[in-house]
Amino acid sequence: MINEAELITLAIQARENAYAPYSHFQVGAALLTKKGEIYTGCNVENAAYSPCNCAERTAVFKAVSEGKREFQQIAVVGGAEGKELGFCPPCGVCRQVLREFVNEKVFQVIVAKSEKEYKKYTLEELLPQSFGPEHLSL
Ligand code: THU
């Protein structure tokens, strides 16, 4: 089974593919399924701006589009092009997208500057009192 440092390394590698010619802010993510598979993603920007997609959502959509819906952890790294990585917590939209598929009390978000320097949160800490699929049947 992959460890946290290895998941961060994969996020750092995924960031190399970031397409961010407008913000020059490059993000990478590595999403771990409960079975141990990994789906990586980077941010993909667009000249029309609003179609920009974050690294985390790229990873989630890759996984879901391949039939994977059970996740345990995601590692996220980000920083301005050519500069050192800074802590890059997932945006609100990505938090909500993750919330769709996970138990927010259990799922972990690793926000990393490096394999050695990172913070770990549950999704619930990042998105308290959240709205999820179960609310639609209340
Ligand atoms: N971005 C991500 O990919 N993930 C985040 O969690 C925060 C922001 C991207 C979106 C955009 O391409 C760039 O970073 C600047 O906001």
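Just follow the structure's listing: the first ligand is 1, and inside any ligand the first atom is 1.
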*Within-shell test, C91 vs ligand 1, heavy atom, strictly < 4.0 Å*: yes
*Nearest to atom 7 (C) of ligand 1, what protein heavy atom do you find, and at what distance?*
C88 SG, 4.1 Å
*Using a strict 4.0 Å cut-off to heavy atoms of P90, name the atoms of ligand 1 that fall inside it.*
6 (O)
*asked:* I'd like to know if the side chain of R95 and the backbone of L127 have a donor-acceptor N/O pair within less than 3.5 Å.
replied: no
*Hey, mind stepping through L7 and I38 against side chain to side chain contact (heavy atoms under 4.5 Å, CB included) and telling me if it holds?*
CA-CA 8 Å; L7 198 64; I38 291 147; 4.1 Å; yes
_Is it the case that ligand 1 has an N or O less than 3.5 angstrom from some N or O of N43?_
yes
_Tell me whether the NZ or CZ atom of K62 lies within the 45° cone about the ring axis of Y39 and under 6.0 Å from its centre._
no
*At a 4.0 Å threshold, what atoms of ligand 1 neighbour a non-hydrogen atom of P89?*
6 (O)
_Whether A20 lies under 4.0 Å from ligand 1, heavy atom_ = no
*Which class fits the ring pair H135 and F131: parallel under 30°, tilted 30 to 60°, perpendicular over 60°?*
parallel
*Go through ligand 1 atom by atom and flag the ones less than 4.0 Å from a non-hydrogen atom of E45.*
11 (C), 12 (O), 13 (C)
*asked:* Is it the case that ligand 1 has an N or O less than 3.5 angstrom from some N or O of A55?
replied: yes
*In terms of side-chain heavy atoms, does S130 have a donor or acceptor partner in Q96 at a distance below 3.5 Å?*
no
_Among all the protein's heavy atoms, is there at least one whose distance to atom 16 (O) of ligand 1 comes out below 4.0 Å?_
no
*For ligand 1, is there an N or O atom under 3.5 Å from any N or O atom of V76?*
no
*Tell me, which protein residue and heavy-atom name are nearest atom 5 (C) of ligand 1, and how many Å apart are they?*
E56 OE2, 3.4 Å
_Membership question, hydrophobic clusters at under 4.5 Å side-chain separation (ILVMFWY): are I8 and V76 in the same one?_
no
*asked:* Can you confirm, on distance only, whether ligand 1 has an N/O atom lying under 3.5 Å from any N/O atom belonging to S23?
replied: no
*Are side-chain N/O atoms of E115 and T9 paired as donor and acceptor at under 3.5 Å?*
yes
*Identity and distance of the protein heavy atom lying nearest atom 10 (C) of ligand 1*: C54 SG, 3.9 Å
*For G78 and ligand 1, answer yes if some heavy atom of the residue is under 4.0 Å from a ligand atom, otherwise no.*
no
*Have E4 and Y118 got a donor and an acceptor in their side chains that come within less than 3.5 Å?*
yes
*Verify the cluster assignment for F71 and F61: are they in a single hydrophobic cluster under the rule of side-chain heavy atoms below 4.5 Å apart?*
yes
